[in-house]
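See structure below.
By convention in this document, chain letters (A, B, ...) are assigned in the order of the sequence lines, proteins followed by strands, and residues within each chain are numbered from 1.
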Number of protein chains: 2
Amino acid sequence: MSKSGSPVAVADRNAAACCAPLAQSRIPKEAVSGLSQAFKALGDPIRLQLMSMIASADGGEICVCDLTPAFEISGTTISHHLKVLKESGLVTAERRASWVYYRARPDLMRQLSALLDPDA
Amino acid sequence: MSKSGSPVAVADRNAAACCAPLAQSRIPKEAVSGLSQAFKALGDPIRLQLMSMIASADGGEICVCDLTPAFEISGTTISHHLKVLKESGLVTAERRASWVYYRARPDLMRQLSALLDPDA
DNA sequence: AAACGGTTTCGACGAATGTCGAACTCGATC
DNA sequence: GATCGAGTTCGACATTCGTCGAAACCGTTT
C-alpha cells in the first residue's frame, strides 16, 4: 500500500476540490477524467432519478428498498447504477442491519455546480 | 409541422427552464430525459474539454480550427463530439465564411448548475 | 444452524458509443 | 467554373454500456 499509484479510491479522488468555472478558464488536464466520470454517472435517466431521490431524501439518506420499487427495472440493475454513482464519488453507501442506505456527497455536487455556473 | 409532436429541436427543449435543486425535490419525470442528455454530453473527457474551451473562449466563441489541433484525435471525431454537444443544447454553431464558430449556451449551463447546487 | 429477505456480484447478451478513413458540402479564391 | 480548404456526414469496426437471471453474500429471525 505504499506503491506510487493511488492508494485512494476513485471516489475520493473525484471528491477532491478543484477547478474554476468553465466560463472562466479551461479545466486542468488532470481533473478532466474525474469530472467527466461524474457527469457520465449523471448522464443516464435512471441514475439521474436515483441521484435526485437520494439528494432530496428526508434525513439525507434513503434505503435501497425505497429506491428499487420506484422503477420498473430489476433490482440488479438498480444496484449496478448505484455502484456507478458510488464509484463516481457522487454518493456513499452504508449498511445498517439488513438494509443499505445511500447519501449524496455535497462536496462533489458543489464542485460540479460551480464548474457549470456561467455567472460565477 | 403542425403535428402534435414536438416541432422544436431537442436542443431547444433542453434549453427550457426547469427544475428545483436536486437536494430539494425530485426531478420532474418529463425533465429527466433532456437533463440526463446534457450530463451525458459532458460525460466524455474530450467533450468536457471541448465545452471548457468553448465556454472560456475570448469573445464567447471559438473556431473549430482552434479546437481540433488541441487534441490528438481526428477531425471527424471532433466534429462528432461537437454535434453531440450541440444536440444536447449546450452549445450553438454558426458558420461564417469558411469557418464554424461554437458558443456556449449559458441558460442551460445555469440550469444544470442550479440543479446540482447543494446549498441552494 | 437452518431458513429467509435485502442487496451485490457474476456471466451473458444486444444496443449504444467512440473512433477512423472516405466521400461529401459549402464558401472562397484563382 | 475548377480548385482548394474547412468542416460535416457516411459506413464500418471494436469497445463500452444497460439490462437481465442465477448465484453469492450478509444480517436477522426462527
Taking only the side-chain nitrogens and oxygens of [X], find out if one of them lies under 4.0 Å from OP1 or OP2 of [N].
{"X": "A:Tyr102", "N": "C:dT8", "value": "yes"}
{"X": "B:Tyr101", "N": "D:dA6", "value": "no"}
{"X": "A:Ser79", "N": "C:dT8", "value": "yes"}
{"X": "B:Thr76", "N": "C:dG21", "value": "no"}
{"X": "B:Ser98", "N": "C:dA28", "value": "no"}

Given [options], identify the nucleotide with an atom nearest to the side chain of [X].
{"X": "A:Thr77", "options": "D:dT19, D:dT9, C:dT7", "result": "D:dT19"}
{"X": "B:Lys40", "options": "C:dT17, D:dC20, C:dT19", "result": "C:dT17"}
{"X": "B:Cys65", "options": "D:dT8, D:dA6, C:dG6", "result": "D:dA6"}
{"X": "A:Val64", "options": "D:dG18, C:dT8, C:dT19", "result": "C:dT8"}
{"X": "B:Ser74", "options": "C:dG21, D:dG7, D:dC20", "result": "C:dG21"}

Only one of B:Ile27, B:Leu35, B:Val32 passes side-chain contact (heavy atoms from CB on, under 4.5 Å) with A:Pro45, and that residue is B:Val32

Run the side-chain hydrogen bond (donor to acceptor under 3.5 Å, both in side chains) test on A:Thr76 and A:Ser79 for me, step by step, so that the C-alpha distance in whole Å, both residues' side-chain angles and the decisive distance to 0.1 Å come before the verdict. CA-CA 5 Å; A:Thr76 55; A:Ser79 185; over 6 Å; no

Using whole Å, report how far [atom1] of [X] lies from [atom2] of [N].
{"X": "A:Leu85", "N": "C:dT8", "atom1": "CG", "atom2": "C1'", "value": "15 Å"}
{"X": "B:Gln37", "N": "C:dA16", "atom1": "CD", "atom2": "P", "value": "14 Å"}
{"X": "B:Ile78", "N": "D:dG7", "atom1": "CD1", "atom2": "P", "value": "11 Å"}
{"X": "A:Glu72", "N": "D:dG18", "atom1": "CD", "atom2": "P", "value": "19 Å"}
{"X": "A:Asp44", "N": "D:dC17", "atom1": "CG", "atom2": "P", "value": "11 Å"}
{"X": "B:Trp99", "N": "C:dG27", "atom1": "CH2", "atom2": "C1'", "value": "10 Å"}
{"X": "B:Lys83", "N": "D:dA6", "atom1": "NZ", "atom2": "P", "value": "22 Å"}
{"X": "A:Leu50", "N": "D:dG18", "atom1": "CG", "atom2": "P", "value": "12 Å"}

Reported CG-to-CE distance for the pair B:Asp66 and B:Met53, which is rounded to 0.5 angstrom: 7.5 Å

Rounded to the nearest 0.5 Å, what separation is found between the NE2 atom of B:His81 and the CD1 atom of B:Ile73? 4.5 Å

When the nearest nucleotide of DNA chain D is assigned to A:Arg47 and to A:Arg96 on a heavy-atom basis, which residue is associated with the more 5' position? A:Arg47

Between A:Arg95 and A:His80, just flag the one whose closest nucleotide in DNA chain D comes earlier from the 5' side.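 First, find each residue's nearest nucleotide; the 5'-ward one identifies A:His80.
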
Scan side-chain atoms only and decide if A:Ser56 and B:Ser25 contain a donor-acceptor pair under the 3.5 Å cut-off.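 Distance-only check fails for A:Ser56 and B:Ser25.
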
